[in-house]
Amino acid sequence: MNGNKAFWGIITAAAVGAVIGLLFAPEDGNKTIKKIKKKTNSLASDLIDALEKSKEKASNVAGQIKEEGEEYKNAAFDKAEEYSNTAKEEINRYQ
């Protein structure tokens, strides 16, 4: 969670810093606007890449959690079957 906040803080700071730097640069207004558009597109592209990586990572983690859950479920069923068989053996022994 803190890593996510740090990521968004860095992205926001970079965008704000880039825009402020361009706005105060001593250049023609059209050049400044073009630079802002270029920088915005670059930041948007970086953001999309980061989101895709985050999505992939989340998908991988979800897959791992599902796999572990299946393993725990199977282990629980195996243990329950073991207890059931032991109980049946004990009952048959005393009949």
Exercise. Transitive ILVMFWY cluster of Leu43 at side-chain heavy atoms under 4.5 Å: who else is in it?
Worked result: none
Which side-chain N or O atoms in residues 52-62 pair as donor and acceptor under 3.5 Å with protein atoms at least two apart or in another chain?
| unit_1 | atom_1 | unit_2 | atom_2 | d |
| --- | --- | --- | --- | --- |
| Ser54 | OG | Ala50 | O | 3.0 |
| Asn60 | ND2 | Glu56 | O | 3.4 |

Exercise. Can you name the side chain to side chain donor-acceptor pair (under 3.5 Å) partners of Glu90, sequence neighbours left out?
Worked result: Arg93
Let me have the donor-acceptor pairs involving side chains of residues 64-71, under 3.5 Å, with sequence neighbours excluded, atom names and distances please.
| unit_1 | atom_1 | unit_2 | atom_2 | d |
| --- | --- | --- | --- | --- |
| Glu70 | OE1 | Lys73 | NZ | 3.3 |

Can you give the donor-acceptor pairs under 3.5 Å from side chains of residues 75-88 to other protein atoms, not counting sequence neighbours?
| unit_1 | atom_1 | unit_2 | atom_2 | d |
| --- | --- | --- | --- | --- |
| Asn85 | ND2 | Glu81 | O | 3.4 |
| Thr86 | OG1 | Glu82 | O | 2.9 |

